[in-house]
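Here's the structure, in structure tokens; my notes come after.
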There are 2 protein chains.
Amino acid sequence: MSLRHAVLGLLSSGPASGYDLLKIFELSLANVWPATQSQLYSELGRLADAGFVAVAAEGPRGRKEYAITDAGRAELRHWMTEVEPTPFNRSDMLLRVFFLGELDAEEARAYLRGRAEAADRRHRGLAELREVVAKGDDPLSVYGLMALEWGLRFAAVQRDWAAWAERELDRIRTPEDRREDQG
Amino acid sequence: MSLRHAVLGLLSSGPASGYDLLKIFELSLANVWPATQSQLYSELGRLADAGFVAVAAEGPRGRKEYAITDAGRAELRHWMTEVEPTPFNRSDMLLRVFFLGELDAEEARAYLRGRAEAADRRHRGLAELREVVAKGDDPLSVYGLMALEWGLRFAAVQRDWAAWAERELDRIRTPEDRREDQG
DNA sequence: TGGAGACATGTCAACAGTGGAAGGTAAGCT
DNA sequence: AGCTTACCTTCCACTGTTGACATGTCTCCA
């Protein structure tokens, strides 16, 4: 139930409407905690019922600006400092690795190669983003930068792991051929 | 909808009952694609309705052994080779990083330190598991080893990143103190 | 023979996440 | 004045995930 805390976290730096929050979710938070419009509005409703946020102002077009309350801030702090993060999540990429034996050698190689390439593309994309940020064109908070660095390292490790696994696959699958060569 | 493919993947190497599958989910697949008993049994039912698996044999205590069908195998192959894996998932650990500014310097440090330590513990645990596997006491498939290697590298990168972020935090938060020293 | 423990399945309520439809208001442009 | 575009919210149906409860059988062993 972290959508709730994502919303509280965003509201902790100032009031915003559901629409404003949606923009943030689509941009900076998209890779960390994606959320859709219907999820956001209903979560804001629940948060208001629970007293963690309140409508601070109403604007044109039915706009409602939500502000975090003291109770909300307390809840956020509690989650940040007391609740243990989940160590890891589901990964359909890794799930496929378990079943790679179902494919023939060529297909398995192709899969790992594909993963390495995708990770490499992501790595290059993030590196570019870091360049842009470094030039100061599009400032990012210290914490945004930390998340960016995480993404960069994560992409690199995935790329390198996939390349390693591909070599490993060759090492495993070729002994029979080698024996044939020698026999 | 990968639970379906996890089940198909497991059944691809031989028939099994819901109970058997549950054991596998609790052990080797727990970190990659956790699933509960209720999920498993209902998924098996849906899979059977869709013709991807069939009851191959019935045993004592109402046991039903499911076997994958040709259609099921085709579906699994399709998913393995044609469907692009989701690049990354939600991370409540990283979500917290975005809101680290809500905490004071000491708390933020503690958070990152905690992450580094948790990752280090996981890394040591997996390294130990790799030792055990290497000794051949508890054999793991090539693919299981690849997944293990992934876990190891992932834990290492998380540990190192958290340590880096902690130093980064010091670098950012201390300039004011330094100015005070000089002034 | 009686109890513990593993084996085995089924069902239900609640919550979380996805995708899309519907409906309405304000601002800016021509 | 009329049009378009951006702004803004609500509701709904469906799927996925979790946890708990209910139910019963077989094997072993004291």
Side-chain angles (χ1 to χ4, degrees), chain A residues 1-8 10-11 15-27 29-50 52-67 79 83 86 88-92 95, chain B residues 1-8 10-11 15-27 29-50 52-66 79 83 86-92 95:
Chain A
M1 208 183 28
S2 286
L3 173 61
R4 141 159 311 187
H5 300 108
V7 172
L8 287 176
L10 292 178
L11 288 180
S17 70
Y19 192 81
D20 295 337
L21 294 175
L22 188 59
K23 287 290 133 67
I24 304 179
F25 270 98
E26 282 168 355
L27 294 171
L29 243 47
N31 294 330
V32 168
W33 205 274
T36 57
Q37 170 252 44
S38 35
Q39 238 182 311
L40 248 183
Y41 282 106
S42 54
E43 188 61 48
L44 279 170
R46 276 194 296 274
L47 242 18
D49 288 347
F52 291 147
V53 304
V55 178
E58 308 214 4
R61 277 161 292 193
R63 175 189 174 92
K64 291 185 205 162
E65 280 215 324
Y66 288 92
W79 175 74
V83 182
T86 62
F88 31 51
N89 323 65
R90 294 182 162 81
S91 162
D92 62 330
L95 184 58
Chain B
M1 207 183 29
S2 287
L3 173 60
R4 141 160 310 187
H5 300 108
V7 172
L8 287 175
L10 291 178
L11 289 180
S17 69
Y19 192 81
D20 295 337
L21 295 174
L22 188 58
K23 287 291 133 68
I24 304 178
F25 270 98
E26 282 169 355
L27 293 171
L29 242 48
N31 294 329
V32 167
W33 205 274
T36 58
Q37 174 252 42
S38 39
Q39 236 182 313
L40 208 48
Y41 282 107
S42 54
E43 188 61 47
L44 278 170
R46 275 194 297 273
L47 242 16
D49 289 347
F52 291 147
V53 305
V55 177
E58 308 213 3
R61 278 162 291 194
R63 176 188 174 92
K64 291 185 205 163
E65 280 216 323
Y66 288 92
W79 175 74
V83 181
T86 61
F88 29 53
N89 322 64
R90 296 181 161 80
S91 162
D92 62 329
L95 184 59

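Every value quoted in this text rests on a predicted model; they were computed, and no experiment measured them. So you know, we letter chains A, B, ... as the sequences are listed, proteins then strands, and number each from 1.
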When you check the phosphate oxygens OP1 and OP2 of [N], does a side-chain N or O of [X] lie under 4.0 Å from one of them?
| X | N | answer |
| --- | --- | --- |
| B:K64 | C:dG10 | yes |
| B:Y41 | C:dT9 | yes |
| A:Q39 | C:dA16 | no |
| B:R63 | C:dC7 | no |

Output a table of nitrogen or oxygen pairs between the protein and nucleotides 1-3 of chain D separated by less than 3.5 Å.
none

Nearest whole angstrom, please: distance from the [atom2] of [N] to the [atom1] of [X].
| X | N | atom1 | atom2 | answer |
| --- | --- | --- | --- | --- |
| A:F25 | D:dC8 | CZ | P | 17 Å |
| B:D20 | C:dA8 | CG | C1' | 10 Å |
| A:E43 | C:dT18 | CD | P | 13 Å |
| A:E58 | C:dA26 | CD | P | 13 Å |
| B:W33 | D:dG16 | CH2 | C1' | 10 Å |
| B:L21 | C:dG10 | CG | P | 13 Å |
| A:L47 | C:dA16 | CG | C1' | 15 Å |
| B:H5 | D:dT15 | NE2 | P | 15 Å |

Looking only at N and O atoms, is any donor in the side chain of B:Q37 or the base of C:dT9 less than 3.5 Å from an acceptor on the other one?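 Side chain to base: pair present.
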Would you say the base of C:dG10 and the side-chain of B:S38 have a donor-acceptor pair closer than 3.5 Å?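 Not at all, since no donor on one side and acceptor on the other fall under 3.5 Å apart.
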Sequence-distant partners of [X], side chain to side chain donor-acceptor pair (under 3.5 Å), two or more places apart:
| X | value |
| --- | --- |
| B:D20 | B:S17, B:R63 |
| A:N31 | none |
| B:T86 | A:D92 |

How long is the gap from CG on A:L3 to CH2 on A:W33, to the nearest 0.5 Å?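 Atom-to-atom, A:L3:CG and A:W33:CH2 are 8.0 Å apart.
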Taking all atoms of both residues into account, what is the closest heavy-atom pair of A:G18 and A:L44, and its distance?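 Taking A:G18 first and A:L44 second, the nearest heavy atoms are CA-CD1, 3.6 Å.
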What is the minimum heavy-atom distance between B:A16 and B:L21, and which atoms define it?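 Of all heavy-atom pairs spanning B:A16 and B:L21, the closest is CB-CD2, 4.0 Å.
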Sub-3.5 Å donor-acceptor pair from the side chain of B:Y41 to the main-chain atoms of B:Y19, do we have one?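 Checked: pair present.
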Between the protein and nucleotides 1-6 of chain C, are there any N/O to N/O pairs under 3.5 Å, and if so, what are the atom names and distances?
none

Nearest heavy atom decides the nucleotide; on that basis, is A:P34 or A:G62 closer to the 5' end of DNA chain C?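 Counting from the 5' end, the first nearest nucleotide belongs to A:P34.
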For B:R46, give me all partners under salt bridge (charged side-chain N to carboxylate O under 4.0 Å, His left out), at least two apart in sequence or on another chain.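 With sequence neighbours excluded, B:R46 shows a salt bridge (charged side-chain N to carboxylate O under 4.0 Å, His left out) to B:E43, given in chain and number order.
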With a 4.5 Å cut-off on side-chain heavy atoms, are A:L10 and A:F25 touching?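 A side-chain contact exists here, since the closest heavy-atom pair is under 4.5 Å.
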Might you work through the side-chain contact (heavy atoms from CB on, under 4.5 Å) test for A:E65 and A:V55, ending with a clear yes or no? CA-CA 6 Å; A:E65 280 215 324; A:V55 178; over 6 Å; no
For B:R4, answer base if it contacts any base atom (sugar-phosphate contacts may also be present), sugar-phosphate if it contacts only those atoms, and nothing otherwise; contact means non-hydrogen atoms under 4.0 Å.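 Here B:R4 touches no strand at all.
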